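Data first, discussion second: the structure below is written as structure tokens.
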Amino acid sequence: MRVTFHGGARTVTGSKHLLEVADRRILLECGIFQGRRAEARKKNREFPFDPRTLDAVVLSHAHIDHAGALPALVRAGYDGPIHATAATADLCEVLLRDSAHIAERDAEYLNKRRAPGEEPIEPFYTLRDVEATLPLLVPQPYDDRFEVTPEVGSIFREAGHILGSAQVQLDIQEEGKEPFRLGFTGDLGRDHLPILRDPYPLDGLDALIMESTYGDRLHERGEDLKRRLEGVVRRTSERGGRVLIPAFAVGRTQRVVYLLHQLFNEGRLPEIPIYVDSPMADRATEVFRRHPECYDREASEWLEQEDILGFRRLKYVRSVEESKQLNELRVPCIIIAASGMAEAGRILHHLAHGIEDHRNTVLLVGFAAQHTLARRILDGEPLVRILGTEHRVRADVDFIGGLSTHADRDELLAYLKGMSSPPDTLYLVHGDEPQSLAFAATLRSEGFRRVHVPHEGQSHDLERH
Ligand SMILES: [Zn+2]
């Protein structure tokens with residue numbers, strides 16, 4: 001039995017880990033590569049294995065760096081089961097449809113700029129491929145064993161990262177060999193995140209494939225998120241301004257809404273309206289509402305009294321017309337809109353309209369990659385280009401860390417140390433190279449002897465030591 005790392009190896013995108021047991025092949029994750037466009041496009045189009053030879057796919061969660069290439073896999077001939085939790089299956093519907101739209105728009109854009117005689121570019125996949133993929137999803141409950149192949153039984157355990165996120169335990173029994181337990185963290189969340197349950201400690205593992213996104217970083221600690229949020233909203237509304245929050249439509253938006261709702265109930269929010277201006281966030285919120293089985297105790301108890309993701313002061317904005325009307329408002333308000341890194345989506349219109357007004361605040365609540373608009377604003381650039389026009393940044397800029405849904409270095413370490421018998425072998429994936437290598441060094445200094453940071457395409461035999 002062996003595992004080959006075909007993506008998410010020394011990078012954070014394109015997760016694909018191929019497990020071969022006896023003569024069967026199981027794919028863990030099927031994520032898309034992102035980053036440098038031409039390179040990512042090429043890698044997304046070519047699978048380094050024949051999708052028709054796969055027996056099953058097991059999916060940890062719905063983020064597109066883990067699930068986004070599934071429709072391409074199906075387009076290339078895969079027609080077997082895709083095991084996922086029920087909430088992940090529902091979120092895949094929202095995220096994959098959106099991803100197909102982006103792929104179609106992307107191809108259209110490139111084809112307009114194509115030189116005469118050049119072959120037209122086909123989208124990576126289309127809505128039709130998404131529709132062919134969704135019926136293959138097989139929802140599995142948490143904490144219940146299901147068969148992946150006759151040799152491999154699996155259990156999904158809470159990962160605490162996004163709604164429906166799971167870690168995967170794989171119990172492998174190959175004929176004539178000792179049983180082998182392989183764990184896969186997927187993306188590992190953190191304790192005490194709003195709404196979500198805390199990550200479950202896997203145990204009794206022979207080997208663990210572990211994410212390392214923040215292998216060398218620590219999140220802000222001990223800060224009271226709600227107090228920070230309250231402060232920003234208060235200061236801005238006293239100036240008569242608006243709070244503009246770029247946020248991912250799935251996960252981040254719901255967490256911010258949840259915190260605002262708590263502040264509202266505690267009488268700590270000034271009397272101003274709140275708008276979630278994103279049709280996708282609206283759909284994702286519906287999925288959140290459909291899956292209370294994923295909530296932690298606080299959210300479950302609260303849910304018995306009221307809808308936790310909607311309240312009197314909050315309005316979900318659907319149409320473009322309504323979205324434009326928000327610009328006419330003369331009163332202070334809070335506007336939450338995608339995308340999180342302010343690279344696309346309706347937030348751009350709100351920023352273009354509001355960033356030059358000193359009364360407003362741009363509130364960043366998530367990771368901002370280099371060369372993105374959110375990053376430039378965060379770095380304090382005085383002039384930024386939005387939708388083709390230069391704008392002077394006069395609005396206040398604030399950042400609330402601590403809303404990250406990935407465990408940081410110390411949390412990853414605490415997770416491993418919380419196991420009664422830590423895994424013998426570790427494969428670090430899903431981290432940029434410096435992060436993964438730094439975390440490997442930390443683990444070795446903590447006494448872990450077999451720590452690998454696989455390169456893309458590299459195979460390892462799974463064996464007990
Ligand atoms: Zn994720």
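Note that these values count all heavy atoms, side chains included, but never hydrogens, waters or copies made by symmetry. Predicted model only: the values in this text are computed from it and were never measured. Ligands are counted one by one from 1 in listed order, and the atoms in each one are counted from 1 as well.
At a threshold of 2.8 Å, the Zn ion (ligand 1) has a backbone or side-chain N, O or S atom of His61 nearer than that distance. At a threshold of 2.8 Å, the Zn ion (ligand 1) has a backbone or side-chain N, O or S atom of Asp187 nearer than that distance. The Zn ion (ligand 1) has His63 among its coordinating residues (N/O/S atom, backbone or side chain, under 2.8 Å).
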Contacts table for residues 11-19: side-chain donor-acceptor under 3.5 angstrom, sequence neighbours left out:
{"from": "Thr11", "atom 1": "OG1", "to": "Thr13", "atom 2": "N", "distance (Å)": "3.4"}
{"from": "Thr13", "atom 1": "OG1", "to": "Gln34", "atom 2": "N", "distance (Å)": "3.2"}
{"from": "Lys16", "atom 1": "NZ", "to": "Gly14", "atom 2": "O", "distance (Å)": "3.3"}
{"from": "Lys16", "atom 1": "NZ", "to": "Gly31", "atom 2": "O", "distance (Å)": "3.0"}

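A donor-acceptor pair is defined here as one N or O able to donate and one able to accept, closer than 3.5 Å; such a pair exists between the side chain of Asp408 and the backbone of Asp410.
Taking the six-membered ring where tryptophan is involved, the planes of Phe146 and Phe156 are tilted, since the angle between them lies from 30° to 60°.
Listed by first and then second residue, the ring pair (Phe, Tyr, Trp, His ring centres under 6.0 Å) pairs that reach into residues 52-72 are His61-His63, His61-His66, His61-His161, His63-His161, His66-His430, sequence neighbours excluded.
Looking only at N/O/S atoms, His161 comes nearest to the Zn ion (ligand 1) through NE2.
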